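Keep in mind that this is a model prediction, so the values were computed, not measured. Any value given below was found using the heavy atoms of this structure, including those in side chains, with hydrogens, waters and symmetry copies removed. First the proteins, then the strands, lettered A, B, ... as listed; each starts at 1.
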Amino acid sequence: MAALPEEPAEVVVKPDPDGGVPPQPQPPPAPPPAAPPTTAPAEGEAAAGAPGSGGEAAPPKPAPPGPAASPAPTDRQTLLAVLQFLRRNNLHESEDILRREARLLGEEVAAAALSPAGPGAQGTPGGETDATGGEALLSRVAAASGAAGGGVAAGASAAPGGAAVVAPPPGKVGGGVPVEDQPDVSAVLSAYKQQGDPALYEEYYSGLKHFIECALDCHRAELSQLFYPLFVHMYLELVYNQHENEAKSFFEKFHGDQECYYQDDLRVLSSLTKKEHMKGNETMLDFRTSKFVLRISRDSYQLLKRHLQEKQNNQIWNIVQEHLYIDIFDGMPRSKQQIDAMVGSLAGEAKREANKAKVFFGLLKEPEIEVPLDDEDEEGENEEGKPKKKKPKRESMGSKSKKQDPNAPPQTRIPLPELKDSDKLDKIMNMKEATKRVRLGPECLPSICFYTFLNAYQGLTAVDVTDDSSMIVGGFADSTVRVWSVTPKKLRSVKSAADLSLIDKESDDVLERIMDEKTASELKILYGHSGPVYGTSFSPDRNYLLSCSEDGTVRLWSLQTFTCLVGYKGHNYPVWDTQFSPYGYYFVSGGHDRVARLWATDHYQPLRIFAGHLADVTCTRFHPNSNYIATGSADRTVRLWDVLNGNCVRIFTGHKGPIHSLAFSPNGRFLATGATDGRVLLWDIGHGLMVGELKGHTDTVYALRFSRDGEILASGSMDNTVRLWDAVKVFEDLETDDFTTATGHINLPENSQDLLLGTYMTKSTPVIHLHFTRRNLLLASGAYSPQ
Amino acid sequence: MAEEKKLKLSHTLLPAESMKVMAEAMGIAQVPEETSQLLADEVSYRIKEIAQDALKFMHMGKRRKLTTGDVDYALKLKNVEPLYGFHAQEFIPFRYASGGGRELYFYEEKEVDLSDIINTPLPRVPLDVCLKAHWLSIEGTQPAIPENPPPAPKEQQKAEATEPLKSTKPGQEENGPLKGQGQSAAAPDGKGKEKKAPVLEGAPLKLKPRSIHELSVEQQLYYKEITEACVGSCEAKRAEALQSIATDPGLYQMLPRFSTFISEGVRVNVVQNNLALLIYLMRMVKALMDNPTLYLEKYLHELIPAVMTCIVSRQLCLRPDVDNHWALRDFAARLIAQICKNFSTTTNNIQSRITKTFTKSWVDEKTPWTTRYGSIAGLAELGHDVIKTLILPRLQVEGERVRGIVEGPVVSNIDKIGADHVQSLLLVSAGEGGPPRPPPSTLSCPPPPAAAPPSR
């Protein structure tokens, strides 16, 4: 089959960036027969959509089409939503009446509530399942899912009004119909209507403050978590009810009590002083629509409850009930350090249930290749790298044992493209190189080669390096994408069609002959974007290049012709990051619209939309087995998504600033994340726990990379340093005892200094990309920016 | 809890006055007070919102500076038409004007004559982006090449010299600012522990790694070339070498060698009375002091004796009556004054120790004239205060002594020359010790003849 990489090549012939991929006679690469059914419909759906008119067309297949398709379904969705609302508020009578009026079947409503993925939501299962839980919320999600689900298709073309996040996560995606925004926003806000005497707010708050400060030490730290969400909600209530002066003095008086890592949000809040401002403010809406999650031990919670009931402090009790989600656990209250390690995200900690799903973090085994000459193992990177050919049997044995790794996903969980001959050759090269790989360790640090972009005038925004380190690409603020060859081999384009027809196709060096010598140069500039290019990624086979930009598109470029093949439109807002799957064909993008999208190169619409983040998705990375995607966001969380069903399977909280870099360890077990707070956090994916904290950087960490064998973690930052960390040591003494796993409590050792193996200053050059060559030489790059 | 790190919040609001002015500019007169107040609130809020969005673009653009472009993109995000005409300039000049009781800040847009633009030659095309590779690190060590920053920045050298316990590996000491930002925030208990931990528990106490003074082959070659050029015969080469010492950023590791070279060189050449070499060596000291990336404190124990020797040594040249060793003494005296100025602290007391040394040898009756001259020169260079408190009071005594030599029976020619020099030096420094003269005179100027020598 191996159809995929060739297909875009077809596109080469008649590029049609606007229309996406031109209609294709043959169906897209059918998933291998064993492919799980869930994937198939999605693919089928997109495929069905492909020949369509493009643009706004909603996929015709799914039962209730998007609102754009016909008015009737929209009405019904609204109705469903209303019914949900009534049910939630225990207005059974009205619900019944309405239902009779509308002759709607009860099951349908129930179905909508229970399986939100119901109508036309195949595209966005992510949103619902991950939704912040709680029945009330769930139903709200369900209500929204009508709009959102239908909106997925339309969401792509949604009016900018969608910016106002209406419902929880999916709202952003499908806030599709602007008209629906207004009532929704006010519904969201109306929750603030109930109010006490504004003058008493300060009293309430200081009363609680007093109580918490006088509580036993062991409870105080836990209860202190309440301060921030309460503060925010009380302030917002005051603002909503137009007690501006009270709000101001309330803010003045108590903002100093809040933890310093909430500064950024407080700054936003402080500027929000009028009811009118609340309507479009996203941070505020995040607060309203998602419950702030606190993790508190049962004892502390009882203490709080008793206190509030004793004091008849209904105001605070209401907020706790309405806007907070208190995740109660049995056992010892957590210490201040334990809490501090985990909090900091926009919506509190992740719920424990959120990280319970099983994640297949093991690596895939490459299906065996019949040709003995090319017998190759995909996992060559992590094997000893024995010279191939000798004992094909033995090697297949080795990889089989790998497959028995209980953590690896089934081989065909996600349909992957088949290897082409050139891929196999590349794998062989890779293996050969791997035999020459330097074994790194604390005693043997990698050499670092720094590629400095000179005269970039602070315009360098993204860098990527091919896996074989032969090319380097830079995305620039002036909308250009520039590709350099860093080997003596220059970049050449294919000859024009007329010249190509003259070539003898039978000759042995036909691949050489099709290249146009006249075009050879070290640098090729790709023009096409109309805004700064924030992300670039080479395909693993080095035939394609992806770039994403402020203009809201992701572009696929051919590195054979150095022209643009496709412009993927879907994000309406700047796209912050994009990356190819390690197996090619798929890619992921994430942007300001708060969702990450999974695409396949031959589909002009996304295959999956991962919705759930409460702020911009700033970085996206594929898991080495291509079954999962990690996204980092400005809401200070990292999420892991299942490519198969779009579910969010992990939420990692603990960063105190927007995430700007992600890196999976080569064995797929761990994830490293870097943020503006200058810290690098390490996570165990299987257990869903934070396992390490690396402190040292003084500014945003923009680049993270594990060495090929995973012994060294390299981090690069805005503070002009590259730092090397001992990854083996971090992970070796992991204490993942039962208690830790059960409660999610973590005790991080203060050992950053011991783990730091080296710090290398650059000459006022922020480090924005790191790459380990196949022989474990570290390549770093950045733009020289004189002060 | 978080009192120490107060959140910096801006409650800046645009004045309602501005709204009125803007409304007038749009042709709407008589905006009511209340309306303009409301408008001001609203506009201030929107501006803040846009600024916050613009920051996002700055972060994603991996920059530290907010540009006008970022603001444009933020506006675009809000579906507002961006401001045209502002490009990412370093500085947008706002002009101030007042009149009619109003104050205005405005952006001056000059009328541009198109023909001027057409007729002016095109500006140089800015250089295109290019890629340059270098080794940031080779197997864990950073090569000292111009592409890399100096291995140890001056601040760190200073910290190492003055507070050897605190400093660690390069770049590791920047923990301070981070604590405020990220970690464990306001835990008062946690913080206390953190600070004490290394001292009390002892376990993680890091011994200062012995610095490795191995030089790379390139550095050895450089050292050899530089030292040979500095003391060689070719003046042009020497100038280049000195220039290199005074400016090159990567000399930190060679500093111990240089300092030993100088100190040994002085020791040997003083004995051999090789004036030229001594001068060359002092010029090297000068060059090292001039290098902005070097902090010499750790090597003063070698440099100060060498320089002092060149000031007060009894004999610096083979023919003291003919050679101009006085210039060397003057030059070295200036160096010592510079050293005092740069490195003297209350702990090392360099200045007072040096002053003491000078005074002691000056006061001694048996001190030869050369040393006497050096001591006085050294003191004179230390500034007005020293001149006033140490030299002026002794003018009388010294004058008598000079007169004894100049007017008395001729003892030796050398003494006479020495006394002459001391006399002129005293004249100059006494002049400086008085009310400061308008142009600070240098030692090369002849003493003003008008000033009557005290000996007369």
Toward chain B, the part of A:Leu777 with a non-hydrogen atom under 4.5 Å | side chain

Counting only heavy atoms closer than 4.5 Å, note whether A:His655 contacts chain B via side chain, backbone, both or neither.
-> neither

Would a distance-only check, ignoring hydrogens and angles, find a side-chain to backbone donor-acceptor pair under 3.5 Å from A:Lys656 to A:Val343?
-> yes

Under 4.5 Å from a heavy atom of chain B, the part of A:Cys449 involved = both

Structural part of A:Trp576 lying under 4.5 Å from a heavy atom of chain B = both

Side chain, backbone, both or neither: which part of A:Val722 has a non-hydrogen atom closer than 4.5 Å to chain B?
-> side chain

Decide, yes or no, whether a salt bridge links A:Asp265 with A:Arg636 under the criterion of side-chain N to carboxylate O below 4.0 Å.
-> yes

Salt bridge (Lys or Arg N to Asp or Glu O under 4.0 Å): which pairs involve residues 129-138 of chain B, sequence neighbours left out?
-> B:Lys132-B:Glu147

Under 3.5 Å side-chain donor-acceptor pair for A:Asp616 and A:Thr618 | no

Donor on one side chain, acceptor on other, A:Tyr760 and B:Asn148, under 3.5 Å = no

Please tell me if the side chains of A:Tyr228 and A:Leu266 come closer than 4.5 Å, counting only heavy atoms from C-beta onward.
-> yes

Do the non-hydrogen side-chain atoms of B:Trp135 and A:Ile448 ever get within less than 4.5 Å of each other?
-> no

Against chain B, label A:Tyr534 side chain, backbone, both or neither, depending on which of its atoms sit under 4.5 Å from a heavy atom there.
-> both

Comparing B:Leu136, B:Leu55, B:Asp128 against chain A, the one with the most heavy-atom pairs below 4.5 Å turns out to be B:Leu136

Name the member of A:Thr273, A:Leu440, A:Thr461, A:Ile339 that forms the most heavy-atom pairs with chain B at distances under 4.5 Å.
-> A:Thr461

Who among A:Leu454, A:Leu724, A:Leu445 has the most heavy-atom pairs with chain B under 4.5 Å?
-> A:Leu454

Comparing B:Glu139, B:Arg63, B:Met60, B:Lys76 against chain A, the one with the most heavy-atom pairs below 4.5 Å turns out to be B:Met60

Chain B heavy atoms under 4.5 Å from A:Pro446: which part of the residue, side chain, backbone, both or neither?
-> backbone

Select, from B:Arg46, B:Glu49, B:His59, the one with the greatest count of heavy-atom pairs under 4.5 Å involving chain A.
-> B:His59

If one checks every heavy atom of A:Val486 against chain B at 4.5 Å, the contacting part turns out to be side chain

Contacts of A:Asp478 that satisfy side chain to side chain contact (heavy atoms under 4.5 Å, CB included) - sequence neighbours left out | A:Phe476, A:Thr480, A:Arg482

Return the minimal non-hydrogen interatomic distance between B:Ala74 and B:Ile50, and the atom names on each side.
-> CB-O, 3.7 Å

Under 4.5 Å to a heavy atom of chain B? For A:Ile472 that would be side chain

Sub-3.5 Å donor-acceptor pair from the side chain of B:Asn291 to the main-chain atoms of B:Ile245, do we have one?
-> yes

Could you look at B:Leu38 and say if it's the side chain, the backbone, both or neither that has a heavy atom under 4.5 Å from chain A?
-> side chain

